[in-house]
J.: 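For reference, the structure I am asking about is given below.
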Amino acid sequence: MKKIAIGNDHAGFDYKDQIVALLESMGFFIQNHGTDSSDSVDYPDYVHPVANAVSQGDVDLGIVMCGSGNGVSMTVNKYPSIRAALCWIPEIATLARQHNDANILSIPVRFVDESTALEMVKEFVNTDFEGGRHQRRVAKICP
């Protein structure tokens with residue numbers, strides 16, 4: 001069973017339950033590191049555990065969410081071996097996995113509707129890295 005860590009601030013709170021339900025229905029085990037409230041919180045506190053879990057191999061993939069997706073993406077991309085992709089349409093999520101071997105999906109919840117977010121999650125978790133010429137490029141991200 002694949003494992004996915006999820007982290008979100010107050011902006012991502014509304015989407016998290018739907019994403020977790022979707023992933024569980026697909027047979028994934030979820031590590032929930034996100035806030036369970038719309039009360040304002042500091043996003044780094046909720047996404048550092050996601051980056052740790054992915055970086056250490058405790059989970060296969062991660063999903064992080066905040067209003068713009070930028071803050072959470074910047075935070076998790078500081079970790080070794082993390083390649084977080086800020087996505088806003090399903091096709092970008094697919095390409096992030098296929099070409100960049102992204103291991104964390106960053107969702108800008110104030111700029112994508114819930115159905116788009118769910119489609120991005122499906123594409124992200126169901127797409128494999130193509131390797132080949134892309135492997136050489138990914139290897140150059142963090143030499």
Side-chain angles (χ1 to χ4, degrees), residues 1-131 134-135 137-143:
M1 173 185 294
K2 277 194 168 184
K3 298 177 187 175
I4 298 179
I6 190 167
N8 59 281
D9 70 358
H10 50 280
F13 164 68
D14 288 335
Y15 286 28
K16 182 178 65 172
D17 288 342
Q18 294 301 316
I19 291 171
V20 168
L22 169 68
L23 292 169
E24 287 177 341
S25 76
M26 296 170 69
F28 291 96
F29 172 80
I30 307 301
Q31 279 187 7
N32 178 9
H33 298 288
T35 185
D36 292 315
S37 165
S38 60
D39 295 338
S40 182
V41 297
D42 297 334
Y43 59 81
D45 298 337
Y46 296 89
V47 301
H48 280 300
V50 174
N52 272 321
V54 175
S55 183
Q56 294 175 9
D58 297 334
V59 298
D60 301 293
L61 297 170
I63 298 170
V64 294
M65 296 176 282
C66 71
S68 71
N70 282 308
V72 294
S73 186
M74 290 176 190
T75 301
V76 299
N77 272 322
K78 300 291 184 190
Y79 283 74
S81 73
I82 295 300
R83 290 171 306 281
L86 174 58
C87 301
W88 54 95
I89 58 174
E91 294 83 359
I92 299 296
T94 300
L95 289 171
R97 289 286 301 133
Q98 285 178 337
H99 294 183
N100 308 113
D101 199 18
N103 49 18
I104 296 182
L105 170 64
S106 178
I107 302 174
V109 298
R110 291 193 178 127
F111 297 92
V112 299
D113 60 37
E114 191 173 291
S115 65
T116 300
L118 292 171
E119 285 301 314
M120 288 191 308
V121 167
K122 283 191 253 184
E123 290 294 320
F124 192 77
V125 302
N126 286 323
T127 302
D128 292 323
F129 179 49
E130 287 182 354
H134 303 295
Q135 180 60 52
R137 296 166 185 160
V138 169
K140 292 179 178 183
I141 293 173
C142 263

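Side chains are part of it too, since the values below use all heavy atoms of this structure and drop only hydrogens, waters and symmetry mates.
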J.: So how far is it from Ile6 CD1 to Tyr46 OH, rounded to the nearest 0.5 Å?
T.: 14.0 Å
J.: Ignoring hydrogens, what is the shortest heavy-atom contact between Ala53 and Ala5? Give both atom names and the distance.
T.: CB-CB, 4.3 Å
J.: Quick one: does Thr35's side chain have a donor or acceptor within less than 3.5 Å of a partner on His10's backbone?
T.: no
J.: Identify the heavy atoms of Ala84 and Val76 that sit nearest to each other, and give their distance.
T.: CB-CG2, 3.5 Å
J.: Please confirm whether the backbone N or O of Asp45 pairs with a side-chain atom of Asp42, one donor and one acceptor, at under 3.5 Å?
T.: no
J.: Test your reading of the model: is there a side-chain donor-acceptor pair from Asn103 to the backbone of Ser81, 3.5 Å cut-off?
T.: yes
J.: Between the side chain of Asn100 and the main-chain N/O of Ala102, is any donor-acceptor distance below 3.5 Å?
T.: no
J.: Give me the atom names and distance for the closest heavy-atom approach of Gly12 to Asn8.
T.: C-ND2, 3.6 Å
J.: Would you give the length of the straight line joining atom CG of Leu105 to atom CD1 of Ile19, rounded to the nearest 0.5 angstrom?
T.: 7.5 Å
J.: Short question: side chain of His33, backbone of Gly7 - any donor-acceptor pair under 3.5 Å?
T.: no
J.: Nearest 0.5 Å, what's the CG-NE2 distance between Asp101 and His134?
T.: 11.0 Å
J.: What is the distance from atom CG of Asn126 to atom CZ of Arg97, rounded to the nearest 0.5 Å?
T.: 10.0 Å
J.: Are Asp36 and Lys16 packed together at the side-chain level, in the sense that at least one heavy-atom pair is separated by less than 4.5 angstrom?
T.: yes
J.: Quick one: pull up OH in Tyr79 and CG in Asn52 and give me the separation to the nearest 0.5 Å.
T.: 4.5 Å
J.: So do Val72 and Asp9 actually touch side chain to side chain, heavy atoms under 4.5 Å?
T.: no
J.: side-chain hydrogen bond (donor to acceptor under 3.5 Å, both in side chains) with Asp128: which residues, sequence neighbours excluded?
T.: none
J.: What closest approach, in Å, do Val112 and Tyr15 show between heavy atoms, and which atom pair accounts for it?
T.: O-OH, 2.6 Å
J.: Test side chain to side chain contact (heavy atoms under 4.5 Å, CB included) on Lys2 and Val125 and set out the steps.
T.: CA-CA 9 Å; Lys2 277 194 168 184; Val125 302; over 6 Å; no
J.: For Val121 and Ile107, run side chain to side chain contact (heavy atoms under 4.5 Å, CB included): C-alpha distance rounded to whole Å, both residues' side-chain angles, the deciding distance at 0.1 Å, then the answer.
T.: CA-CA 9 Å; Val121 167; Ile107 302 174; 4.0 Å; yes
J.: Measuring from atom CD1 of Ile4 to atom CD1 of Ile30, what distance do you get when rounded to the nearest 0.5 angstrom?
T.: 5.0 Å
J.: How close do Gly67 and Ala11 get, heavy atom to heavy atom, and via which atoms?
T.: N-CB, 3.6 Å
